[in-house]
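Here the structure is a predicted model, which means the values were calculated and not measured. In the text below, chain A, chain B and the rest are named by the order of the sequence lines, each starting its count at 1. Only heavy atoms go into these numbers, but all of them, side chains included; no hydrogens, no water, no symmetry mates.
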Protein chains: 2
Amino acid sequence: MSVTLKDVAQAARVSVSTASRALTGTGLTSERTQQRLVRIARELGYRPNPIARGLKTGQSRLVALLVHNLTNASFQVMAEVVQARLKALGYQMLLCIGGDDPQAESDTLTTLVDHRIDGLIVVPTGKNGAQLETLSKNVPIVCLVRRDDATDLETVLADDPQGAYLGTRHLIELGHKRIGLIVGRQDTTSGRERLSGYARALREAGIARDDTLIHAGHYVPETGATCARKLLDLPRPPSAIFVANHEATLGVLRVTAERNIAIPDDLSLLCYEDMPWFEWHRPAISIVDNGARDLANLAVDRLLHRMDAKGNSKGNGSDGAREYRVGARLIQRDSCRQIDASAPAKSGKSKPSSSKSSAAKSVKV
Amino acid sequence: MSVTLKDVAQAARVSVSTASRALTGTGLTSERTQQRLVRIARELGYRPNPIARGLKTGQSRLVALLVHNLTNASFQVMAEVVQARLKALGYQMLLCIGGDDPQAESDTLTTLVDHRIDGLIVVPTGKNGAQLETLSKNVPIVCLVRRDDATDLETVLADDPQGAYLGTRHLIELGHKRIGLIVGRQDTTSGRERLSGYARALREAGIARDDTLIHAGHYVPETGATCARKLLDLPRPPSAIFVANHEATLGVLRVTAERNIAIPDDLSLLCYEDMPWFEWHRPAISIVDNGARDLANLAVDRLLHRMDAKGNSKGNGSDGAREYRVGARLIQRDSCRQIDASAPAKSGKSKPSSSKSSAAKSVKV
DNA sequence: CGATAGACTGCAAACGATTGCAGAAACGCT
DNA sequence: AGCGTTTCTGCAATCGTTTGCAGTCTATCG
């Protein structure tokens, strides 16, 4: 069907071995034949067959990204970033969607390894630690966003404690004393870490922690709505709500709309993770950006590093840090307002629309 | 490294050929050895190497999906659907993101074919018709969402004329006479088709078309905002706006918020394509659903059909329809309201939240 | 009992590349 | 001229499968 190395070799009246060496550019052929073969190959439209090559070399030029879904905005940008970076390096991305289901994850993993992927970036469910650990002996693996505690795989994480701290402190600085928190389940790392950041900020400010202001649940709109109602029905409702997830934000917004609660005048709202429409919403929603783009880039960096390491001197692999954290940053928009007798700012709209305060980035731990 | 067919054969004291035949289940081995080999293979944890197999058979069990981006909600669900369907059939999905850039598309296509993909679903830019046409001789291709007019490839399209018609008619039935339209560029099929559906509905209702109510532009929020301003600044502004794209909707919503225009009381809003948050927005936004999920499913069906056809009796390929359209449907939520002296409904909220009126599905043309 | 068909099985050649090894050519040196 | 290097080239094996062909074995029938 298509042009093979043999065809090129024949046309140039050399052996396939010579052709191979000339085209792959090992310096083992004379300058002249080298160039001649390159020319002929181009003329014939020769394209090396990655499958055949892969069989011999054990590599596939395929790198897999395994995420939970694509509705999550963070995963979208991660997928886009990973794909773009890899393509530039001549790799193709296999995108797999595991739905946060351990069984699906496990199946997918074995299939991927069958396909001899050269590397894997995975958002682990946390239930297949043993399997991941085993696979990592054959294939470079980097975990993203979540850590699988059963492994000591290299992991790239958002700095959730820092992000939550930053957000909470911002609200405190605006004069808020009663800050509601809607956070993820406490059996997930991110849920715990975000809560701890919130708690730290309160502590530092000398504000007593009030557990009636803290609600944990799944990252879905319904949770947001339920928790928002509970918070607003409190005898002394909060003056600000920090929603530690963008899905839940939907629910909160619905409730405030239903009850005609004006943001930011009646209630300040701060959200974790960005969404494209947050900027366009009126009022534009202030957020703590978890740095999805940076996370993805760092994950790719680390993966490439391991892939090199494996190629050059197989076996060492481990070289220092196993955990990387990417700093979160606050992006102020219009959904939080100052409440203080001494500075009675009425509207948030006068603030600069997108000033950024950045935390330390890529901190080794 | 891993267990090969040879290992299995050795363990079973048969030749590799027999092992191969037994495990691939060609009925050419005795029942007994067949079962014995299956057992031994399982015990040894044998997994066939798709690369080696691919080299011999010319197949890769890889199917590619080439879309423009992942921020578009339609592409997200398509990617998820395609991935899920393929996985169930033992294929892996290569997801490529072309950014609607002809050069990137072209590069990606050649790489994909190098990798001997077994099939391709592509949202074409429209500039690489010749290349697609050539490739389609080697690998089954189905176009999605857009048609590449330079080819006669099988194509799965949304029924945009129908969708736009349905939406416009709905607004007319609610009593609207001046209906603003914010639509895509007129050099794209979808832009033209949506406009034509709008026009047809007006014509049928005997409403004169007013070109000051029609604005075309890129599918981005800025366009929505600009066009919305122009529409609202009109001496006789429209009582309803039909936004033919979800990105542009963001811009429209911002403008209405800025100007304190209440939806649906002051202005009805209908949008093309769904977004997860439309349901949660207050008021929940009524839409014309373009059926992304159905489109993706149909595309997969068609692709599989062609892949079979190629496997069984190569060469025929063409069998009837080359264009499939998936019906759009109206999903009524709360952003459109009746305006009529005889039926002075004040609020849309009393309506059933999600009644559906479905158009013909999957119509051959 | 011998021939013959039928059912299994194994040998070996592919698929398209890469790569160790050894032979050939070219060159410089004494 | 002879010899050792260096540089280039080709042969052939290899990666892990599939598959055409030919061979072996058993069973069946005349």
Distance check needed: [N] [atom2] versus [X] [atom1], whole Å only.
| X | N | atom1 | atom2 | value |
| --- | --- | --- | --- | --- |
| B:L5 | C:dG10 | CG | C1' | 13 Å |
| A:K6 | D:dC11 | NZ | C1' | 15 Å |
| A:Q59 | D:dC15 | CD | C1' | 13 Å |
| A:L37 | D:dC8 | CG | P | 14 Å |
| B:R116 | C:dA17 | CZ | C1' | 11 Å |
| A:R21 | D:dT7 | CZ | P | 15 Å |
| B:E31 | C:dT9 | CD | P | 11 Å |
| A:I51 | C:dG16 | CD1 | P | 11 Å |

B:Q34 vs B:L55, nearer the 5' end of DNA chain C by closest nucleotide: B:Q34
Of the listed nucleotides D:dC11, D:dT17, C:dA12, the one nearest the side chain of B:A52: D:dT17
Under 3.5 Å donor-acceptor pair, B:T33 side-chain atoms to C:dC8 base atoms: no
Measuring to OP1 and OP2 of [N], would you say a side-chain N or O of [X] lies under 4.0 angstrom away?
| X | N | value |
| --- | --- | --- |
| B:S20 | D:dT19 | no |
| A:R53 | C:dT18 | yes |
| A:T18 | D:dG10 | yes |
| B:S30 | C:dT9 | yes |
| A:T57 | C:dA17 | no |
| B:T4 | D:dC15 | no |

Would you classify [X] as touching base, sugar-phosphate or nothing, given that sugar-phosphate means primed atoms plus P, OP1 and OP2, and contacts are heavy atoms under 4.0 Å?
| X | answer |
| --- | --- |
| B:P48 | sugar-phosphate |
| B:T26 | nothing |
| A:T29 | sugar-phosphate |

Which residue lies more 5' along DNA chain D, comparing B:N49 with A:K56 via nearest heavy atoms: A:K56
Option among B:R146, B:E105, B:Q103 that satisfies the side chain to side chain donor-acceptor pair (under 3.5 Å) test with B:T125: B:E105
Distance-only polar pair, side chains of B:T33 and B:R21, donor-acceptor under 3.5 Å: no
Distance (rounded to the nearest 0.5 Å) between A:L55 CG and B:R53 CZ: 13.0 Å
Flag if over 12 foreign heavy atoms under 6.0 Å of NZ, A:K127: no
